[in-house]
Amino acid sequence: MADGYDPQAIEAKWQAWWAEHGTYEVDNDDPRPHWYTLCMYPYPSGAAHMGHVRNYTFGDLIVRSRTMKGYAVLSPMGFDSFGLPAENAAIKTGRHPREFTEERIEQLSQSVMRIGAVYDWRRLVTSHDPAYQRWTQWIFLRFLEAGLAYRRNAPVNWCPGCQTVLANEQVLADGTCERSGDPVVKRDLEQWFFKITDYADQLLDDIDDLDWPERVKVMQRNWIGRSEGAEFDLVVTDADGVPAPGGAQVRVFTTRPDTSFGMTYAVMAAEHPLVASIVPADRRVEVDAFVATARQASDVERMSSEGSLDKRGVFTGVYVMNPFTQAPVPLYLADYVLMGYGTGAIMAVPAEDQRDWDFAQVHGLPIVRTIQPPDGWEGEAWSGEGAHINSGWMDGMGKAEAIASAIDFLERDGLGEGKVNFRLRDWLVSRQRFWGCPIPIVYCDDCGIVAVPDDQLPVLAPDDVEFLPTGESPLRRHPGFLHTTCPTCGGPATRETDTMDTFVDSSWYFLRFADPWNSEEPFSLAAASGWLPVDQYIGGVEHAILHLMYARFFTKALADLGVAPKELREPFARLFTQGMIRLGGDKMSKSKGNLVAPEEILDREGADALRLAHLFVGPPQDDVDWEGVGIEGCARFLQRVWRLATGEAGRPPVERDVTADDLEIARATHRLIAKVDEDLERWSYNTTVAAFMEFSNDLYRYVQAPDGPRAETLAFALDTMLELMAPMAPHITAELWQRRRGGHVHEQPWPQADPAMLLVDTVTMVVQVNGKVRDRLEVPSSIDAAEAECLALGSEKVQAHLGDNPPRKVITRPPSLVNIVAG
RNA sequence: GCCCGGGUGGCGGAACUGGUAGACGCAGGGGGCUUAAACCCCCCAGCCCCUGCGGGGGCGUGUGGGUUCGAACCCCACCCCGGGCACCA
């Protein structure tokens, strides 16, 4: 008697075999067509959780199936190993973050191997590896040379909880820190920025050609937030329109220059630099008071009033000339105008902008419609289409024509010009943290900002530092690190003590994977050209904006700098974003304490069953609730496969000529090949697993039939099923293949369906009367319309339903359907 | 508020381009195996009604309309759930 299915034994055996034989190691000069599959490299958080399992199950399936289809598949693994949790742990325990991190890398590596996912481990990349830091810093210096990295004093988002600066992206809509939940405050600091805005247009335009989920593309477009309009100067005047001494002007941005005749006031942000110089003495006290409140108001307060904004503001005491009407209008400060967008000042057109309308109501300002609202419009501001009124020469024009005409006017008179604005801001990369890649810069009293020379890279953080919850990086308190000599003049200098945002590390790791051994450059052009762009990138939808945007920016910038291949405009040709794991409706997470540990299932049902369960539970892009996961059903299914393939189920195979039943099994086998091929291509893994289950159910009936199975037919069916299942359930299929055939199932060529075997002789034809199914007839699949109609009308059930009503019309769709329309 | 998704049995889901709604699995029911239980094997199974027990009929994909010979699928309005953005001029 054959021994039973023992997942623990065979999974350990095959995982060891793949590791020892370097089965999924691939060289850059591999002659097979190249294919690069990548799962977003994980933050090393310890043993894998269900989200990891799901991610790597999808990735591994692609690696293995692409390999069987004849590709050289690059499947690397790495770790996003810098970051706050390790440093916070260090502050708590005093353990060095490296020790903490490397322990967790080991744990996560082990659990990834335990689910049977295979990688070219030789190419391992970790962010904190000095070799990797060296090239991250090298890239920073190239950006600096190219003007893509710059330093400026800027109001930054400061999180009191994390004691560090946050990027705009890390501040939630309610003004709190995405990590600690503390309210974020504004502080002025010297910070390093990357000039991602230089690429705003390209980042926007190139989205169109990406094979990415539409929702991710939409999110990226919205984040970039391109808007077209005009920018122009307003001359500061007194109430009578007499220009102020000094000739001050306020520049405003608008997307609706066509409505300028309706500008009845203008607004500047409280932080606007002109506030200091243009406000007359008699308005100073009130204006200063307003500015003080506005500055102190944290984002939390500003956001807290939500829909019903109170439109706080103050009159500056001066006016600006509306160049369209040649009339002075009052200039206000208001907190609904942001210094960070456009010019920090707007022309206000209350009739066509609801926010301006609200403000005008509160402050008793006039409202002049310049667009005729549609008949019956009873709302307030009308921002839609309509003919222009009260607009001088633009009267009667439509929106597009009037915009062009208004810009024309501004440009002709030298007042302003057409202008495109973006919501996207430059990327603040400085972090006051220890556990990150140091910024390779030295400050010299004589030479100023000096780049650390390439041959002195990497700048590494010292190990002997104290981890304290202060506002400063431990690097700043380490004299040996802080004090250095200027590389240019040799005089005394201090190092930059900030480190880079960890998103910098993750913005180019996928390039390093192509050439991780390179010690002369981050990666060679040839290696990058050979593998990039990533053919299939897989990860969580939570990275839809930041990581993907930054990685796209890096790729474009590196290509333009000649570091990456010139033609490499995008890093990830195809992107797949998987759904989240929930438990009973809640997001599954450590903080909620509702984790289902993969280990328990690996110990009990095994990795193949767990992988299959993840694939079977539903569409990969959807969120899954672990309560709906049928691990038992998948384990049971694998048991059945085991018994079928080892001959434990049913009667022994016999030699005989092909019977009708044998032929049907052979056809079902070919249909399975076609179905699996199609489903894998469209990421429909749940239906693929269903097809395997259905097929094994057919085989079970087949081997139990009184005549027994035909040996050749059964062998073909089983071997084919093992080959097709090999990417999804790699261990059991490897073991069964070795027992049945010897050798390795994952080295077999991918099965091909015989088109002739996909044809069927007869099909079930549905007969409807008035659209309701009344009969089902077995008909030859070659039946024509006339025969189908004839058969359908001959059906007794149809006759019964027709009664005395003669058919008025017959719709035929041979061979599947006939619909009889009766009176 | 704006922009995306989505709503199908007790549950997860299937139905690919408008053509048999509910594949496959979980949970459930019946039978077999067993001294017994578990495992395993076979069968049933959307809801409601009728039945002479062969079967027959009606209803049914969030709600209400529409287009069509025919709608889970297309159109309009609405309700609910999830996600993104949010005083961006």
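Note that the coordinates shown come from a computational prediction; the quantities given were computed from them, not determined experimentally. Letters A, B, ... are given to chains in the order of the sequence lines, protein chains preceding strands, and every chain is numbered from 1. Atoms considered below: every heavy atom in the structure, side chains included; atoms not considered: hydrogens, waters and symmetry mates.
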Sub-3.5 Å donor-acceptor pair from the side chain of A:D623 to the main-chain atoms of A:M580, do we have one? yes
Within the distance-only criterion (no hydrogens, no angle test), does the side chain of A:K217 pair as donor or acceptor with the backbone N or O of A:L210 below 3.5 angstrom? yes
For the student: nearest non-hydrogen atoms of A:P350 and A:D356, plus distance: CA-CB, 3.5 Å
B:U17, OP1 or OP2 - any side-chain N/O from A:R682 closer than 4.0 Å? no
Give a yes or no answer on whether the side chain of A:E681 reaches the backbone of A:E678 with a donor-acceptor pair at less than 3.5 Å. no
Take the protein atom NZ of A:K419 and the nucleotide atom P of B:A89, then report the distance between them rounded to whole Å. 14 Å
Would you say A:T370 and A:E352 are linked by a side-chain donor-acceptor pair, where the criterion is simply a distance under 3.5 Å? yes
Set of ring pair (Phe, Tyr, Trp, His ring centres under 6.0 Å) partners for A:Y5, sequence neighbours left out: A:W642
Would you mind telling me which of B:A89, B:A21, B:G25 lies closest to the side-chain atoms of A:V773? B:A21
Taking the P atom of each, how far is B:G6 from B:G62, in whole Å? 13 Å
Please give, in whole Å, the distance from B:G18 C1' to A:I811 CD1? 13 Å
What do you reckon, is CD of A:E778 surrounded by more than 12 foreign heavy atoms closer than 6.0 Å? yes
Phosphate-side-chain proximity, A:N686 and B:A14, N/O vs OP1/OP2 below 4.0 Å: yes
Ignoring hydrogens and angles, tell me if any N or O in the side chain of A:T577 forms a donor-acceptor pair with the backbone of A:G539 under 3.5 Å. no
Looking at A:Y700, does any N or O in its side chain come under 4.0 Å of the phosphate oxygens OP1/OP2 on B:C41? yes
Taking atom P in both B:C48 and B:C11, compute the distance separating them and give it to the nearest angstrom. 15 Å
A:N770 side-chain N/O to A:A822 backbone N/O, donor-acceptor pair under 3.5 Å: yes
Which dot-bracket notation, 5' to 3', represents the base pairing of RNA chain B when pairs are defined as Watson-Crick or G-U with both distances under 3.5 Å, crossing pairs as [ ], and inter-strand pairs as |? (((((((..(((......[....))).(((((.......))))).(((((....)))))..(((((..]....))))))))))))....
Toward the 5' end of RNA chain B, by each residue's nearest nucleotide, A:V218 or A:L817: A:V218
What's A:R226 touching, base or sugar-phosphate or nothing? Going by heavy atoms closer than 4.0 Å. nothing
If you measure from the P atom in B:U35 to the same atom in B:C50, how many Å do you get, rounded? 44 Å
Taking B:C4 as the reference, what is the distance to B:A15 when you measure between their P atoms (whole Å, please)? 25 Å
Look at A:S816 and B:U20 and indicate whether a side-chain polar atom (N or O) is within less than 4.0 Å of OP1 or OP2. no
With a 4.0 Å limit, can you tell me whether A:N697 has a side-chain N or O closer than that to the phosphate oxygens OP1/OP2 of B:A23? no
With syn defined as a glycosidic angle within 90° of 0 and anti as the rest, where does B:G84 land? anti
Do the side chains of A:E632 and A:R604 get close enough for a salt bridge, i.e. N-O under 4.0 angstrom? no
Using a 4.0 Å heavy-atom cut-off, does A:R774 contact any base of the nucleic acid, only the sugar-phosphate backbone, or nothing at all? sugar-phosphate
For nucleotides 5-10 of chain B, 5' to 3', base contacts (B), sugar-phosphate-only contacts (S) and non-contacts (-) with protein non-hydrogen atoms under 4.0 Å give ------
Side chain of A:I545 only, please: which of B:C69, B:A89, B:C85 is the nearest? B:C85
Ignoring the backbone of A:P619, work out which of B:C40, B:C69, B:A14 is nearest its side chain. B:A14
Mind calculating the distance between CD (A:Q639) and P (B:C39) to the nearest angstrom? 12 Å
Within the 3.5 Å criterion, strictly below it, is a donor on A:N421 or A:S227 matched to an acceptor on the partner's side chain? no
Taking OP1 and OP2 of B:G19, is either one under 4.0 Å from a side-chain nitrogen or oxygen of A:R776? no
Euclidean distance for P, B:U8 against B:U67 (whole angstrom): 27 Å
Could you tell me the separation between the CD atom of A:E605 and the P atom of B:C26, rounded to a whole number of Å? 13 Å
Pick the P atom in B:G83 and in B:G60, then give their distance to the nearest Å. 33 Å
Looking for any heavy atom pair under 4.0 Å, which part of the strands does A:S227 touch: base, sugar-phosphate only, or nothing? sugar-phosphate
P atoms of B:G66 and B:C73, separation to the nearest Å: 14 Å
When we call it a touch if two heavy atoms are under 4.0 Å apart, what does A:K797 touch: a base, just sugar-phosphate, or nothing? sugar-phosphate
Do the side-chain N or O atoms of A:R636 get closer than 4.0 angstrom to the phosphate oxygens (OP1, OP2) of B:C39? no
Ionic contact status for A:R226 with A:E228, cut-off 4.0 Å: yes
If the cut-off is 4.0 Å, is A:Q704 near the phosphate of B:C42, judged by side-chain N/O to OP1 or OP2? yes
Using atom C1' of each nucleotide, how far apart are B:G46 and B:G9 to the nearest Å? 5 Å
Parallel, tilted or perpendicular: which describes the rings of A:Y550 and A:W427, with under 30° parallel and over 60° perpendicular? parallel
If I take atom CZ in residue A:R611 and atom C1' in nucleotide B:G25, what distance separates them, rounded to the nearest angstrom? 20 Å
Since syn is defined as within 90° of 0, does B:G54 count as syn or as anti? syn
Give a yes/no answer on whether the side chain of A:R221 brings an N or O atom under 4.0 Å of OP1 or OP2 in B:C3. no
Between A:L615 (CG) and B:G13 (P), how many Å, whole number? 15 Å
Using a cut-off of 4.0 Å on non-hydrogen atoms, how would the nucleic acid contact of A:E694 be classed: base, sugar-phosphate, or nothing? sugar-phosphate
Whole-Å distance between B:U68 C1' and A:R813 CZ? 11 Å
